Amino acid sequence: MTHEIALNLVDVHKSFGESQIIRGIDLAVEKGERHAIIGPNGAGKSTVFNLISGYYPLSDGKIELNDQVINGLEPFQINRLGLSRSFQVTNLFSRLSVFENVRCALLWSAGYKYSFWQLVGQQKQLNEKTKEIVDQFNMSHRSQTPVGELSYAEQRALEIGITVAGGAEVILLDEPTAGMSHSETEQAVDLMKFVSEGKTLVVVEHDMGVVFDLADRISVLVYGKIIATDTPDKIRSNKSVQEAYLGQLEEV
Amino acid sequence: MKLKNMLLFLLGTVVCLVFSNSAFSADPIRIAYIDPLSGAFGDVGDAGHKHFKFMADKINSEGGVLGGIQLEIVPFDNKISAKESLVQLKHAIDQGIRFITQGNGSSVAGALIEAVKKHNKRNPDKTVLYFNYAAVTPAFTQEKCDFWHFRFDAHVDMKMQAITDAIKKTPSINKVYLIDQDYVFGHAVSAAAKKMLKEKRPDIEIVGDTFHPIGKVKDFSPYVAKIKKSGAQAVITGNWGADMSLLGKSVKESGLDAAFYTFYAGGLGTPSTMGSAMNGLRQVTEWHDNLSVEEDRPGDAEFRMSYNEKFGEGGKVPWYYGRIRTMMEMLVKAFNKAGSADPKAVAYAMEGMEHTTYYGKVVMGAKDHQLLQPLYISRFTKTDGKMVKYDRENTGFGPTTEAKTQTMDTATPSSCNMKRP
Amino acid sequence: MLGVKNLNAYYGRSHILQGVDLEIRDGEIVSLLGRNGVGRSTMCKAVMGLVKPHGTVKYKGENIAGLPSHAIAHKGIGYVPEDRWIFPSLTVLQNLQLGQKDLKKQSRWSLEDIYQLFPILEERSKLRAGLLSGGEQQMLTMCRTLMGDPDLIMIDEPTEGLAPKIVELVKNLISEIAKRGVSVLLVEQKLTIALKIANRLYVMGHGKIVFEGTPQEFQKNASVRKEWLEV
Amino acid sequence: MEFYVISLLNSLVFGMLLFMLSSGLTLIFGMMGVLNFAHASFYMLGAYFAFQISQFAGFWTALVIAPILIGLLGAAVERFGLRTVHKHGHVAELLFTFGLAFMIEELILLIWGRVALNYQVPSSLDFTIFRLFESDFPVYRLFMLAISVFIFVVLYLLLTKTRTGIIIQASLTHPEGVGMLGHNVPRIFMLVFGGGSALAGLAGVIGGNYLMTSPSMAILLGPIVFVVIVIGGMGSLTGALIASLLIATLQTFAVGYDYSLIDLLAVFNIELGPEPWFPDLWRIKVENTGPLLPYLLMVIMLILRPKGIMGERES
Amino acid sequence: MLKRYGVWIAAALILVILPQIFDSGFAITMLSEMCIAIIFALSYNMLLGQGGMLSFGHAVFYGFGGFISIHAINVVNDGGVPIPLELIPLVGGLAGFIFAIPLGYISTKKAGTTFALISLGLVELVVACVLLFPSFFGGEEGVSGDRMLEFSLTGVGFGSGIEVFYLIAFWLIVTSALMYLQTQTPLGRMANAVRDNPERAPFVGYNIHLVRFFQFSLSGFFAGIAGGLLAINYEIVNSEMIGAAASGHVLLMTYIGGVGHFFGPILGAILYTFLHLTLVNITMAGQIYLGVLFIVIILWAPNGMAGIIMVHRPLWQAGLIRGLLPHYLVALAAGLVVFFGAMILVEINYHLSLSIEPDNPIRLFGVEFKANSWPPWIVSIGLILVGFFLLRPIMKNIRLKWDELTREMQKGKFA
């Protein structure tokens, strides 16, 4: 059985000035796979996301989305090709309501472009779809609340909501559960499982519970390089991974 | 809509307050003085206001007009903006004022001429008459002339007539440089100079014709360097205000040795900012401080002094607009001749009126409503207590007559084709 | 020396520190462990006054919560942030000089001491700090803080992204610091150094302290390690 | 030749004056991210204060006292005004200084009136120092140049050699990090704002009598100062110096050329008809474009290189 | 139905009735100018409020709208294209739109402070051009025309001010409705999103440069309409309309009104125009009062008048506002004491330094006194001090009461 590759990173490099952050990454994420990237602080996980989504230009290498080269494209162009991402620090449209946030995230994919001759209030399909997503995220009671007033967990949930609203095939989530309590984390995992059904998901995460619960495969990024990509069990028993996390254990 | 109602109420009260005074004061004849009283040009408008106020007080104390009716000057601040002037014109008309006067800014004057014309056409029962005391674009009494507009200042071409007459008589000048502000007035000065010099002294070479942005130049040294490079013996400039002061300062510093013929070297506030740079500059005016000494008329000197005592702020802002006295005296005559305060009657009475002023005989043109008056070229020199008795703005430099152009010689061909009601 | 009681801190709406209790005694090296994002750096920043603290932070018996950070620094606390904050356009020497708070006070650390510990800094003293390598920058940041002669120093992930050789240098420096009577709070993810030099350990998880004890106690308690630290 | 030498000297004098004004603004912007609209108003206040002080105590006292007063005023504005609006963000800060500029102008009108002041160059400096070819070069020009060069040197030494200077430079990158090391950053901000204002005030003291002291002097120079810091690169002193000299030179030399597009076309033997399309465009001479050039340069710069000549970051 | 269109119908009714009540020439002029200012301020808020773009050069499009309109009027009068006067504003709008396209394309590439600076540079650039291109801008005199065109859709001659007012009012209703609706379109919403978070917007598929650019161009269109109406109203257009001062005015009025709500600029335009036109004839210190108002708003009410109103809405809806009213009245009284004190101080100073006869007595609130005597100084400074010391505890009380009511309201919500 051949696996179709949704996202393919080939020898990706990134330097800021003198300092090399990403030192040659190869990563192939299969279609429909849930893939986690883990690694110690400062390993460059968020940078990888920023490179994939077009936020930073590449220093060297190539990134393909469904066999189409996307490096060099603008973020909005990459998004239009079906890749959507969330942010580590909550990154919402702060003064708009929950409903409005979701609707804004839907507008382009629903084909409205820059239209100024249609009223959003009258777009039945659009509003129904928006409502559906708001309901999915259990936020119908907060629908009209400006997102600046939401609780942190709600904001994190909405962050995911906005990322998936446009119906992208490939979803990148950057530390979706950072700062959440245990119960909130559990809910968030359920949510992620639900929304990524049938889609390709790449997630950067620190909470190992989440990672092992969610991921089909895990890549470990250390010091700008991927040192291992494998199934969760194998990663767990991988010595160099433990070392990267905890230091050289045998010396203890 | 609650708030709108509140605002409406507020609007109502204030509008009522503003307008309520109009009901009581039918008695004096009021003249609206529409000029800048605030902002960057506030000082100029303020001085004009004082001139008019002084003259009105003088006339009132001498018995007023039409057998005892007093004159009142009502100031309106237009911030030297054409738009605000039109608002203030409406305001004045609402208050029942039928005479307006204005002087600063050709743009304002142009707008007012148009607006008064339209207003009088649309409201023949509430006509308004406009006296212009300082806006000098020739067109206002030529192709744009209007029955409802009278000008008491000599326009650009007339002043240039006086300057070129003086240059004509100075054979040592054979290279002339023109430097002017880059707008309608500056271009008019330059065009008139070129035309008249060509007629009067075809041998003169115009070695430079520079326009600089108005009110934007902070340092004129580059321009002075350029004048110097051209080797001109005389410079003609229409610059006023800061542009004149800064030009004068740069000239003095660089030691440029050329005769400067200016329109406004003595303009309000200009001498005090120039200080000793005033020395040697020439200006063209209908009146100057030492005329009373030169022509031995102590009465006129007294008039000047009494103004300076009241409004002169210790000599810092002395009497300047010689023509405002003329205008007010002629206005008294016109009221009395017309026998009423009806603008149309006053306008007809004013046409062709002759008057003897403290600087000579003047005539109001019947055809174009342009006052013809003598023009003096005076030069600023250190006061000596004798002929150069009075200085300007405490600078220690006062004007002394160098040349005079007689009243009738200032006339220029008129292209005015006026429609009369 | 430092007593933190029921410390809470927020970033916007997110509740990062949820009632942290922690204590550092005179001359101790205390290590604060935990995975990324559990609030360790926030804990340091809250003590330092860079993040608004809610709760009590007692330093030498005085509550310093709510003071501006420069005042806290003057009381004798130093902080070496994880992202280092070196001043790239200044020279190495100038960076070090900036660390001095009070020119008149006799410091435990003279410039000569620093240069002796890290000769490379002397060698590069006239170089713009932005041109240093990551490890050198880390040295510089720590030394810069030492120049201010703190009685308590909080060091945030000093070995992150450094080559093993340099990690060794850092470890030696920390021991040296402690030797001169300065208390140390070492924030780490890796156990290597922490277990070697710390007198006591705290483990943080989800904004709370989940373990407190000596390295030996920690070694025995595998479940803490598994749940809160390991992959 | 004469024209070039004189113009070059003039550009230098005006350029250095411009630099004195913009150096304060660029430091303030670099540290606090505040675009101070009232900066030119401090320049204007400097001239007015100097005039007032020189009435009682002479020019030399004013030269020292006026900038100090302006500096204190600037510090007060930072402490009691800007710090209050800081929490509302940069736009609010910008608008606050916008309002402040408006108020300062109005207060000047109120106190000193609308007439331009008779603030003259002191007689001890009112003579010709040397003759270049046929032109006199006034000593006051040289004095201005000397003061501004002196200020530049002092500022340079202060920023690079003193402890305070190092703290200020460090605060340009990581104000929080500086605070953490025990330096009182808010006080540094106040100091820089006060110092920057004092520099503007000093420019007013020596520029006010040379040019003109009137209520419109702030509006006249304000926009140019912004252009300088944008072109130079926001927060960069060297950039501000280069941009000041560049703009001064451009404006000074533009005056010397009266070529227009008609002349350009004539080179290619093209003649315009009697009624060309856009008649004004062809007639514009280089000398008239002086006021246009700085803004044109700024817009082009923002499009091509938004960081400015020496800038390291975008606004 | 009534709920939806009620506001608009009421507004239209007010516009019809107002000039019947205030029918003096000046009042009509003021009302006309208010309406124009509303359109202009609303168009400005499309940038600042909706799109987060702080522009110092919006009057460029207002001015171009005005110039093209007046030229169009002259062309019609010269027997060129027959355009009825009623549609001249549309010509102005198109002019504003067309000029906004190149300028907007350049400047919207950047946001924040850089955008503000570019706008400042562009407006100075255009102002410098005014004098370089006299055949279009008419030099400093400007361009004038006669609005009484032969062609008219309605048969109205537009000679009198009131006829023109109704034309302006008609366009006010049309344009403000359009601008309101624009906020409800996909573009309007994306402009909000870009304002709130330009970092995120590209990741939902939008090119933020284009969003800003379209928003900018549309805003130029409405500014152009306002400019066209001004040209019709005054029949003269000159450089003052296009310059930095005009841009400053619209910024002030919009900010004072409040950028956060659609009706904010409307309030601001009404108040600002009213003060601007009347203060000048009441006091010489008009600019000071406007400046103080602006600074007070920036310091203590950054969301403007609309913001003040909107924070009270929840309390109003919860029926709790009554608890605050007495406190407000007390605060108002104390505030007035300070205000009157300050006002006397300002007025006597202005009188002394700027009036042509400073020795003459000054009249304030019907009381005549000499400005150069000491009692008014003592009274004014006394009033300021008294009011200030009264105000402090009162403000504290208001804050306490406010918190109390907010708690009560939240309790009510959950009950």
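Every chain is numbered from 1, with letters handed out A, B, ... down the list of sequences. Not measured: the values here are computed from a predicted model.
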ask   = Where on B/Asp257 is there a heavy atom nearer than 4.5 Å to chain D: the side chain, the backbone, both, or neither?
value = neither
query = Most heavy-atom pairs under 4.5 angstrom with chain D, which of B/Leu37, B/Val44, B/Leu268, B/Leu256?
reply = B/Leu37
Contacting moiety of B/Thr210, where chain D heavy atoms sit under 4.5 Å = both
request  = Check whether D/Leu292 gets within reach of chain B through its side chain, its backbone, both or neither, counting any heavy atom under 4.5 Å.
outcome  = neither
request  = Identify which part of B/Ser245 has an atom lying under 4.5 Å from any heavy atom of chain D, answering side chain, backbone, both or neither.
outcome  = side chain
inquiry  = One pair to check against ring-ring contact (aromatic ring centres under 6.0 Å, His included): B/Tyr223 and B/Phe220. What are the steps and the verdict?
reply    = CA-CA 5 Å; B/Tyr223 292 95; B/Phe220 272 90; 5.5 Å; yes
message = Is it the case that the side chains of B/Asp209 and B/Tyr177 hold a donor-acceptor pair, with the cut-off being a distance below 3.5 Å and no angle test?
response = no
Heavy atoms of other groups near D/Tyr4 OH, more than 12 under 6.0 Å = no
task = Go through the atoms of B/Asp219 and report whether side chain, backbone, both or neither lie under 4.5 Å from a heavy atom of chain D.
result = both
request  = Would you tell me whether B/Asn174 and B/Gln233 have side-chain atoms, one donor and one acceptor, within less than 3.5 Å of each other?
outcome  = yes
ask   = Which one of D/Leu220, D/Val13, D/Ile219 has the most heavy-atom pairs closer than 4.5 Å to chain B?
value = D/Leu220
task = Please indicate whether B/Lys382 has more than 12 foreign heavy atoms, meaning atoms of other residues, nucleotides or ligands, lying under 6.0 Å from its NZ.
result = no
key: Portion of D/Tyr210 that has a non-hydrogen atom of chain B nearer than 4.5 angstrom   = both
key: Toward chain D, the part of B/Lys249 with a non-hydrogen atom under 4.5 Å   = side chain
key: No-hydrogen, no-angle side-chain donor-acceptor test under 3.5 Å, B/Lys252 and B/Ser276   = yes
task = Tell me, please, whether B/Phe397 has B/Arg392 positioned over its six-membered ring: NZ or CZ under 6.0 Å from the ring centre and within 45 degrees of its axis?
result = no
request  = Counting only heavy atoms closer than 4.5 Å, note whether D/Thr252 contacts chain B via side chain, backbone, both or neither.
outcome  = both
